[in-house]
Amino acid sequence: MTTELPAAPEYAEPVVDWHRLDVRMLIVRPLNEMVGLIPLFIGLLVLGKGETWRFLASGGVIVAIVLFGLLRWISTRYRITTEQVELHTGLLVRKRLAVPRDRIRTVDLTAKLGHRLFGLSAIRVGTGQRDQPGEDGLTLDAVSSAEAERLRVLLLTTAKSEAPTEAVVARPGVVLSEWDNRWLRYAPLTLSGLVAAGALFGFVMNFARELDIEVLDPMTEAAHWVAEQPIGLTVALFAGVVLLVATLGSVLVYVVQFWGYRLTREPDDTVRVRRGLLTTRSVSVAEQRLRGVELVEPLLLRAGRGAHAKTVTTGLGRKGESNLLLPPAPVSEAHRVSAEALRQAESPTRTPLRRHPMAALRRRMVRAVVPLLVLAAVLAWFAPSWTWQVVLALVPFSAALGWDRYRSLGHALTDRYLLARAGSAIRETVALQRTGIIGWRIYRSFFQRRAGLVTISATTAAGDGAYHVIDVAEGDGLALADEAVPGLLRPFLER
Amino acid sequence: MDGVSSEVLRLRAPRHQVSRKSITLWTLHALIGWTVLLVPQAVVLIFAATPLQVAAAIATLVVGTAHTLVMPRWRYRVHRWEATPDAVYTLAGWLNQEWRIAPVSRIQTVDTKRGPLQQLLGLSTVTVTTASAAGPVSIEGLDHDAAVRLADELTTTTQATPGDAT
């Protein structure tokens, strides 16, 4: 037993290099931050009479920002091992984040204008664990666009193959849908222009006040002039201006948000959405994490036969619009894209839905009409008489909305999807994969009980967390839930 | 939806009731809540009693007493739970009621929690979470020993189930 065995080779952890963020971030981050501080610099330099301390303070702020950027760059490192993605960051508070690679659900590339000028992209890795808010995934801000693209493919491929081959990387994706100029006609139906115009107006006024610029005076004069004209002209002029601003604004918002929209299926089985005029975004969702789609039809958009679509995915945060599948577009396109994204011949969102019982209509009507009647009664007691008359005049509109809310209600079951639709002002139709349902909640309020109705909620790890079938007849609803997920509800049912 | 017979389906009540001490717990909760509402009103009454304020205070007192007497007993008759090898099933509420079902295969965490009042009464709440942000299933008002046993049981069965539960 004296013969010596050759020493076993020492086990070596495969060495993976630590990477730093792209060196160009040394310029980009301070630039981005200085853009946000423009009002401060204006305050320091433009106002006042050019005292020395103002220049010194400005210089100090710039040096601090640059220095801070440098320290951030030095202290941030990341590496990707076979097991996990690691990120070390933070100067005073050291943070070490590690995300197991098999938990990666989505990869989101964002390039703001500053990033794009220097060819950079921020990359966010989503894991879909939402137990601790703010701890969802990790962000590398930023790496070069080529590196980001390499990481995107690398991070999403590992689930299936250990080493992604270059051939896979090189193949282009299949385009499922692409920007169409004709979609712009749906932009004014989104009201985003009105919101944007309002926000812009508020911002400008605020800024003007800071700078002591009188914009109000000329505007007040204009308003006086308008007010002196006949009332018909005033109303027409006002409506015209609002309409024009809203239309232009919404088209602008639409273009900025969705320019270059492109939905592709990548060779690594991810669905990828790219869009944006100034800030470009690319969101990739691993296909096995796709739990369904949601068709959203706000009232105006629906009137114009338009819709937009969202993915129902595990791993996307609730905030932001990263779950966008299709911007406002013809509803037929929304159906087609849903079918393509889900790899179905016919979109489940086209399935004819079952209506809900008349008791549901009664509930909608009571909710639409009774509060207004109560309000009218109270106003008749206290307020001048024209107020309750106005409220009473609103009742038909409210009732119409209630009727539409009832007409929207519906549910269905296909061999793979649970369909549920609700809402009038914003009608949402969800197609949720039956295998993605991880529990049920069955709610019955006091009034629902009297009407023989229940609200059935399918809980899921994806999207909103729960999708509701509102005010369905108790027996029908339970049968639906029982059939959608065989075996789960059965032991608790009786006839 | 084919093949569903015309007979109406219903959910049966879960098998187990919660601890009878829950009535005391809910009564205390209600008492505290209504006291918080009543004390400021009483203070105001001492200094300035207008008829409107007297009416409001009396109304609060009447509604509060009724709620404190009725709600805990009603709740006790409604609240039920059951844990099978496949699922956790609860019913909670009183005027508005909610059934929750979470399959054991999708359970991510099992917690027991005791507030100060619950500690006083020897009660616990068992909360079962799934990957859904909307799907935690809570069983309020179990005897502490029963709660610990249930949590252990669920943890064991959950660990035996493979997969990442999404």
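Lettering follows sequence order; numbering is per chain, from 1. Given the structure is predicted, the values throughout are model-derived calculations rather than measurements.
Counting only heavy atoms from C-beta outward, the side chains of A/Leu155 and A/Val85 approach each other to under 4.5 Å.
No donor-acceptor pair under 3.5 Å is formed between the side chain of A/Arg124 and the backbone N or O of A/Val107.
Taking the six-membered ring wherever Trp is involved, the centroid distance between the rings of B/Trp74 and B/His67 does not fall below 6.0 Å.
Between A/Glu483 and A/Arg490 there is no salt bridge, since no side-chain N of the basic residue sits under 4.0 Å from a carboxylate O of the acidic one. A/Arg354 has a carboxylate O that lies under 4.0 Å from a charged side-chain N of A/Asp476, or vice versa, which qualifies the two as a salt bridge. Salt bridge absent: B/Arg12 and A/Glu494 never bring a charged side-chain N and a carboxylate O closer than 4.0 Å. For A/Asp269 and A/Arg343, the salt-bridge test passes: some basic side-chain N is under 4.0 Å from an acidic carboxylate O.
Chain B is approached within less than 4.5 Å, heavy atom to heavy atom, by A/Gly439, A/Trp440, A/Arg441, A/Ile442, A/Tyr443, A/Arg444, A/Ser445, A/Phe446, A/Arg449 from residues 439-450 of chain A, ordered by number.
For the options B/Leu95, B/Thr84, B/Leu91, heavy-atom pairs under 4.5 Å to chain A are most numerous at B/Leu95.
Using a 4.5 Å cut-off between heavy atoms, B/Thr90 does not touch chain A at all. Neither the backbone nor the side chain of A/Ile456 has a heavy atom closer than 4.5 Å to any heavy atom of chain B.
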